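Here's the structure we're looking at; comments come further down.
One-based numbering, in listed order, for ligands and for the atoms of each. Given the structure is predicted, the values throughout are model-derived calculations rather than measurements.
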Amino acid sequence: MKKPDHYAVFGHPVAHSLSPLIHTWFAEQTGEALHYSRQDVPPECFETAVGAFRAGGGQGLNCTVPLKELAFRLADTLSPRAQLSHAVNTLLFRKDSVIFGDNTDGVGLLRDLTENLGLALANKNILVLGAGGAARGILGPLLEQNPKLVIIANRTEERAVMLAEQFASFGNIRACGFAQLQDRPFDLILNATAAGLHGQLPPLPNGLIAPGGVCYDLMYGEKALPFLEWGRVQGAEIAVDGLGMLVEQAAEAFWLWRGVRPSTESVITRLRDRA
Ligand SMILES: NC(=O)c1ccc[n+]([C@@H]2O[C@H](COP(=O)([O-])OP(=O)(O)OC[C@H]3O[C@@H](n4cnc5c(N)ncnc54)[C@H](OP(=O)(O)O)[C@@H]3O)[C@@H](O)[C@H]2O)c1
């Protein structure tokens, strides 16, 4: 019998990753014969580890923190959204030996916002907190929704300014530091900072959330709690973590690798029930 195709997530650390569980459930659901593992790969070992994985018959990888930029540089050819985000979270090892790199984070977030949560983003005021890799990955798909305005606010203001300049041709986008956020209500606030990793919250003023506004943390689980709690106290109608985004970005990677689109709803429900 043919061995199942092999995929994996590389990260550092990676023990916490839910990707093996998600892809195993996708495979069960769709009847695809695949095995999905995780591997802790420090950045300096990334290229060697990818080479060894390919030599062992591996067909594709997910790359997570801190390897997305290295994956971007390793890929021979890139999807337009990976080019724009300067980061790759999905590698496909093609039969012609070409390494194809994609970034499914942005589309994953957009599917969670628009399809799972039913939000319409056109003509809305959106605040993105953070200007790192995750923020860069979501700006293109966000601006495609034609929001009225996207403001990027970051602890290091220059990084926000650089991102806003890079995406200026895609829509109405501006940048500032947290201190300049006074008295400006937003329909949607996306926390794309790593502050929650340290149990922290960016220093946000009161009055940032418009009536009916939504707070969304790209992190999920306990690490999202400080921001979601802030959102609820500040009057957000919906305050939700990034578990849906995680499952949606995985579904897009699964589709790229297998040509089959898994249903995400049952997987999100199973993960929430498990928590
Ligand atoms: N749900 C999903 O599928 C998904 C996908 C991708 C990412 N994410 C999450 O998104 C988060 C950000 O990832 P990333 O790749 O963008 O990380 P990153 O490139 O390291 O960027 C981190 C960002 O957080 C800011 N920051 C860090 N600590 C802070 C603090 N204490 N207060 C305020 N701002 C702080 C940094 O500001 P400075 O520029 O000033 O350093 C920077 O803007 C991660 O925690 C990750 O879990 C989730």
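- Judged by distance alone, the side chain of Asn103 and the main-chain N or O of Ala87 form a donor-acceptor pair under 3.5 Å.
- On a distance-only criterion, Ala134 and ligand 1 share at least one N/O pair closer than 3.5 Å.
- Comment: Asp105 engages Lys68 in a salt bridge, judged by a side-chain N to carboxylate O separation of less than 4.0 angstrom.
- Aromatic ring orientation, His86 versus Phe72: parallel (interplanar angle below 30°, classes split at 30° and 60°).
- Below 3.5 Å of separation, one finds an N or O of Gln200 facing an N or O of ligand 1.
- Note that atom 14 (P) of ligand 1 has protein non-hydrogen atoms nearby, at separations under 4.0 angstrom.
- Listed by atom number, the atoms of ligand 1 under 4.0 Å from Met219 heavy atoms are 45 (O), 47 (O).
- Counting all heavy atoms, side chain and backbone alike, Gly221 lies closest to Asp241 at N-OD2, 2.9 Å.
- Looking at ligand 1, you won't find any N or O of His198 less than 3.5 Å from one of its N or O atoms.
- The shortest contact between atom 11 (C) of ligand 1 and any protein heavy atom is with Thr193 O, 3.7 Å.
- Protein heavy atom nearest atom 28 (N) of ligand 1, with residue, atom name and distance: Arg155 NH1, 3.5 Å.
- The ligand atoms of ligand 1 that sit less than 4.0 angstrom from a heavy atom of Gly132 are 16 (O), 19 (O), 21 (O), 43 (O).
- Each of the atoms 12 (C) of ligand 1 lies under 4.0 Å from some heavy atom of Ala192.
- A salt bridge is defined here as a Lys NZ or Arg NE, NH1 or NH2 lying under 4.0 Å from an Asp or Glu carboxylate O, and Asp217 with Lys223 fails to meet this definition.
- In the vicinity of Leu246, heavy-atom distances shorter than 4.0 Å reach the ligand 1 atoms 1 (N), 3 (O).
- Of all the atoms in ligand 1, the ones that sit under 4.0 Å from a non-hydrogen atom of Gly130 are 43 (O).
- In this pair, Phe167 and Phe170 present their aromatic rings tilted. The plane angle is within the 30 to 60° band.
- Between Glu252 and Arg81, at least one side-chain N (NZ, or NE/NH1/NH2) sits under 4.0 Å from a carboxylate O, which counts as a salt bridge.
- Partner of Asn62 under the side chain to side chain donor-acceptor pair (under 3.5 Å) criterion, out of Tyr36, Trp257, Tyr7: Tyr36 alone.
- A ring-centre distance under 6.0 Å is found for Phe53 and Phe10.
- Heavy atoms of Lys68 come nearer than 4.0 angstrom to ligand 1 in at least one pair.
- Taking a distance limit of 4.0 Å, we find that atom 20 (O) of ligand 1 is approached by no protein heavy atom.
- Residue Arg159 approaches ligand 1 through these ligand atoms, each under 4.0 Å from one of its heavy atoms: 38 (P), 39 (O), 41 (O), 42 (C).
- The shortest N or O to N or O distance between Ala135 and ligand 1 is not under 3.5 Å.
- Closest protein heavy atom to atom 17 (O) of ligand 1: Gly133 N, 4.5 Å.
- Ligand 1 places these atoms under 4.0 Å from at least one heavy atom of Thr156: 38 (P), 39 (O), 40 (O).
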